[in-house]
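See structure below.
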Amino acid sequence: MRYRDQFRVEPGSAPRLAAIDPSFKDKHEDKASAEEELAAKTRRLRELQYLVYADGRRSVLICLQALDAGGKDGTINHVLGAMNPQGTRVHAFKVPSPEEAAHDFLWRAHVHAPARGEVVIFNRSHYEDVLVVRVHELVPEAVWSRRYALINEFERNLVENGTHILKFYLHISEDEQLERFKQRLDDPGRWWKISESDYTERARWPAYRAAYEDMLARTSTEHAPWYVIPANHKWFRNLAISAIVVDTLEALGMEAPAPTVDIAEIRRRYHAAARRK
Ligand code: AMP
Ligand code: MG
């Protein structure tokens, strides 16, 4: 089965994260055995992104959500690293600035949504407003519980304007998170990544799991589906996400745009110029 079907959260379903194996690696033994497939997907990803850019009529929005050390940065490095910087962009969602906080919660997402021809990755996203905001009770339930419907409408608006939306939840286990925290602690070059909140948020794992499960159940739609990606193995996560993005773009049947000039005439001019050289 293709990862696009296997990991997609069926609209209307209510997945239980405990039932999804974060260490899943399909038929692959290890990173080395997946290398060739990954390299092929990466190459194709670059070609397809170039077509989005050349075509200039549609755009792609990739939302990444995960708990701390879930692998968002690594995914961006891999997926975006495969693409041409021309036509791609990343936007990270932090604690809202005073200006952002003074607007409705979707304002800051809308302003960074991709323009036609662009592929944009959201590192965290408007979904923080039903995740961290819910877990920390930053707004009352009456407010955050209405946001699922608002998000679905917002995304529909983007889709109807030519944006293709893919949303990935990077699913890691509690053990894997602790292991990654340890690796950060053991590597002074990565100390800058450590924050106080890593451990306080970790202690809220059950609350986050509940918030993520509701998010998946209420906002995986036909127009903007969620994918739950087994992410304990970084190489498998990269492979699965690359494959899903490739399949999605492949299905659009894009071709390089038709020339805006008469190629036969341009060819004549070229030969005339070459003769005069
Ligand atoms: P990082 O992704 O590690 O740079 O951390 C960004 C922090 O910003 C995380 O702790 C997020 O939970 C937090 N954050 C992002 N969006 C919001 C939001 N809408 N309200 C409150 N905190 C947020
Ligand atoms: Mg962090």
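Remember, it's 1-based here, ligands and their atoms both numbered in the order they're listed.
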Best match, Ser125, Pro96, Ala101: closest heavy atom to atom 20 (N) of ligand 1: Pro96

Please confirm whether Arg147 makes a cation-pi placement over Phe105, using NZ or CZ under 6.0 Å from the six-membered ring centre and within 45° of the ring normal. yes

So, is Val95 polar-close to ligand 1, with some N/O to N/O distance under 3.5 Å? yes

Per-atom contacts, ligand 1 versus Asp129 - under 4.0 Å to a heavy atom: 19 (N)

Rounded at 0.5 Å granularity, tell me how far CH2 in Trp144 sits from CG in Leu150. 13.5 Å

I want to confirm something. Looking only at heavy atoms, which of Lys72, Glu100, Arg108 is nearest to atom 19 (N) of ligand 1? Arg108

Quick check: do Thr88 and Val120 have side-chain heavy atoms less than 4.5 Å from each other? no

Heavy atoms only: which of Arg124, Lys94, Glu201 is nearest to atom 10 (O) of ligand 1? Arg124

Could you grab the distance from atom CD1 of Ile229 to atom CZ of Phe24, nearest 0.5 Å is fine? 11.0 Å

Atom 22 (N) of ligand 1 has as its nearest protein heavy atom Val132 CG1, 3.6 Å

Give the residue and atom name of whichever protein heavy atom lies nearest to atom 12 (O) of ligand 1, and the separation in Å to one decimal. Glu128 OE1, 3.3 Å

After noting the C-alpha distance and the side-chain angles of Asn157 and Asn161, does the key distance pass the side-chain hydrogen bond (donor to acceptor under 3.5 Å, both in side chains) rule? CA-CA 6 Å; Asn157 175 38; Asn161 279 282; 3.1 Å; yes

Taken to the nearest 0.5 Å, the spacing of Trp192 CH2 from Asp187 CG works out to 11.5 Å

How does Val133 reach ligand 1, by side chain, by backbone, by both or by neither, if only non-hydrogen atoms under 4.0 Å count? side chain

